[in-house]
Q: 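Okay, handing you the structure first.
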Amino acid sequence: MVLVMKLLFLTCLWPTAVLHSSHSQHHHLHRRQQMSFSRKHNSKREIKMRKLDSTKVRPLKTEQLLHIEDHDFALRPGFGGSPIPVGIDVQVESIDSISEVDMDFTMTLYLRHYWKDERLSFRSNKNKSMTFDGRLIKKIWVPDVFFVHSKRSFIHDTTVENIMLRVYPDGNVLFSLRITVSAMCFMDFSRFPLDTQNCSLELESYAYNEDDLMLYWKHGNKSLSTDEHISLSQFFIEEFSASSGLAFYSSTGWYNRLFINFALRRHIFFFVLQSYFPAMLMVMLSWVSFWIDRRAVPARVSLGITTVLTMSTIMTGVSASMPQVSYIKAVDVYLWISFLFVFLSVIEYAAVNYLTTIEERKQLKKRGKASGMYSMDAVQAMAFDGCFHDPDVDMDLTPFPDPCEENETRTSQTNISNADTPRLKRKRSLKGNVGRIILQNNHVIDTYSRIIFPSVYIVFNFFYWGLYI
């Protein structure tokens, strides 16, 4: 009985156990499928990431072809052996500016390097070269050429860096770049503005002395070429030439140095218009005072002061556009001599005025007129109004309106009625002889100055232009 009941109990529980077992197996199967899908998804993701990062893991075809990963390009080609020859050629595109104040020049040029690096040799059935841009430069060895005495320089980068690298199958390399450099030019202004300046741009290796690198012009004198349309506003470009030499540094030794030499001759026409011609006119204008009546003190003094101040302005303008050098320039010689002529014309009239006053006093003392009124009036008038009063000429009858004449006219108006007839006759005779009377009244210093000043200035100009041109 007991056995029958156990069998019945087991028969009731069996479907439930089977169902539970079946559900458990289905759950485990579903879980395995999810895990398998997740692994496949992660595997595909990893493969995709590897494809994206393949440039970092695997080298480029170019690097494989040039064996860049197989060599240490921190060392120069042929390290430990003979110095590597590096040829240079330059094409000057333009000379942008010349600055006398800063003593420098700015030049734009194409700089090309030639050398051989057998580590970059590759197989080529057609013997064709490969050309690259600037991205490969950082991965290989290139010469470290720099510009001696340069102040500023930069490689053009519009629209990309103007750098070209060309590698030939046998390992020959051409490295070209377009660069603008500002460098010092040691100028001599002793003949300015009639000068010729010789400037040079110097190239040299910074790290490698002559035991490691031999810098030379690739095609000799033909290694330097220029654009036919190069021109400057203030200079004629007379010549371009290439030369080479050695430079010694006490701590590192001897280095090969290349020179780009060019001569600049200054345009003179601009400075003739701005400096020389105005100075000539001021000197000639100062000579006009020699022909003005010595009694016209305000006219002659104002003319002299005006010319002196104008010359000072011209000299200041020239000095402002030039460097402050410690020696005399050619333009300084001309302007200072011209200033001296203008200044002497003022001194000349001071001497004429002084000697005229002394001469007048002596004449008045000799005549000794009985009344003494006219002599006293002449001396006082000379002292107060600065005009010379000639006792031999009646000022009230001269045909020119002058303040000094008007003063003397007022003093003699009381006697006009008594001497009208003889004075009118004298007035008619003076009208035709005004020029002769003015010449007779000029001082002897004025007479000689009219000849001496122009003659000496002309002689000076002959010597000056003959010496500097």
Q: Are Trp287 and Ser449 close enough, and set up right, to give a side chain to side chain contact (heavy atoms under 4.5 Å, CB included), and what steps lead you there?
A: CA-CA 8 Å; Trp287 299 341; Ser449 296; over 6 Å; no
Q: Distance-only, no hydrogens or angles: does the Tyr255 side chain make a donor-acceptor pair with backbone N or O of Leu215 under 3.5 Å?
A: no
Q: Is a donor from one side chain sitting under 3.5 angstrom from an acceptor on the other, for Tyr114 and Asp89?
A: yes
Q: Quick check: does any side chain N or O of His267 sit under 3.5 Å from a backbone N or O of Phe235, one acting as donor and the other as acceptor?
A: yes
Q: Looking only at non-hydrogen atoms, find the nearest pair between Ile237 and Ile95 and report the distance.
A: CD1-CD1, 3.9 Å
Q: Evaluate the ring planes of Phe262 and Phe105, with Trp represented by its six-membered ring, and classify them as parallel (under 30°), tilted (30 to 60°) or perpendicular (over 60°).
A: perpendicular
Q: Any side-chain heavy atom of Trp141 within less than 4.5 Å of one from Pro77?
A: yes
Q: Any side-chain heavy atom of Phe460 sitting closer than 4.5 Å to one from Leu340?
A: no
Q: Find the distance between OG1 (Thr447) and CD1 (Ile452) and round it off to the nearest 0.5 Å.
A: 10.5 Å
Q: Return yes if a side-chain donor-acceptor contact under 3.5 Å exists between Asp96 and Thr180, otherwise no.
A: no
Q: Checking ring pair (Phe, Tyr, Trp, His ring centres under 6.0 Å) against Tyr276, which of Tyr468, Phe271, Trp465 comes through?
A: Trp465
Q: Does the side chain of Ser244 come within less than 4.5 Å of Leu258's, by heavy atoms?
A: yes
Q: Name the orientation class of the two ring planes belonging to His149 and Phe186 (parallel below 30°, tilted from 30 to 60°, perpendicular beyond 60°).
A: perpendicular
Q: Which heavy atom of Arg300 sits nearest to which heavy atom of Arg294, and what is that distance?
A: NH1-CA, 3.8 Å
Q: In chain order, what residues pass the side chain to side chain contact (heavy atoms under 4.5 Å, CB included) check against Ile305, with sequence neighbours excluded?
A: Val301, Leu309
Q: For the side chain of Asn353 and the backbone of Val297, is there at least one donor-acceptor N/O pair under 3.5 Å apart?
A: no
Q: Phe73 ring centre to Arg119 NZ or CZ under 6.0 Å, with the angle to the axis within 45°?
A: yes
Q: Got a sec, which residues hit side-chain hydrogen bond (donor to acceptor under 3.5 Å, both in side chains) with Glu204, two or more places apart in sequence or on another chain?
A: Tyr249, Arg257
Q: Is it the case that atom CZ in Phe277 sees more than 12 heavy atoms from other parts of the structure closer than 6.0 Å?
A: no
Q: Students often mix this up, so state it plainly: with edges at 30° and 60°, are the rings of Phe189 and Phe192 parallel, tilted or perpendicular?
A: perpendicular
Q: Please examine the side chains of Asn256 and Tyr216, heavy atoms only from C-beta on, and report whether any two atoms are closer than 4.5 Å.
A: no
Q: Using a 4.5 Å cut-off on heavy atoms from C-beta on, say whether the side chain of Asp188 contacts that of Asp195.
A: no
Q: Hey, are Arg166 and Thr131 close enough side-chain-wise for a donor-acceptor pair under 3.5 Å?
A: yes
Q: Would you name the heavy atoms of Trp115 and Ile84 that are closest together and state the gap between them?
A: CD1-CD1, 3.9 Å
Q: With distance as the sole test, does Arg265 use its side chain to make a donor-acceptor pair with the main-chain N or O of Glu238 at under 3.5 Å?
A: no
Q: Specify the closest pair of heavy atoms between Ser99 and Met187, including all atoms of both residues, with the distance to one decimal.
A: O-CE, 3.8 Å
Q: Is any side-chain heavy atom of Ile469 closer than 4.5 Å to a side-chain heavy atom of Ile268?
A: no
Q: For the backbone of Gly253 and the side chain of Asn209, can you confirm whether one donor and one acceptor N or O come within less than 3.5 Å of each other?
A: no
Q: Go through Tyr349 and Asp446 one step at a time and tell me if the side chain to side chain donor-acceptor pair (under 3.5 Å) criterion holds.
A: CA-CA 8 Å; Tyr349 180 64; Asp446 281 342; over 6 Å; no
Q: Is any side-chain heavy atom of His113 closer than 4.5 Å to a side-chain heavy atom of Leu111?
A: yes
Q: Check Ser205 against Leu213 and note the closest heavy-atom contact, atom names and distance.
A: CB-CD2, 4.1 Å
Q: Would you call the rings of Phe343 and Phe339 parallel, tilted or perpendicular if under 30° counts as parallel and over 60° as perpendicular?
A: parallel
Q: Please report the shortest heavy-atom distance between Pro323 and Glu100, naming the atom on each side.
A: CG-O, 3.3 Å
Q: What I'd like to find out is whether the side chain of Ile328 reaches to under 4.5 Å of the side chain of Val333, using heavy atoms alone.
A: yes
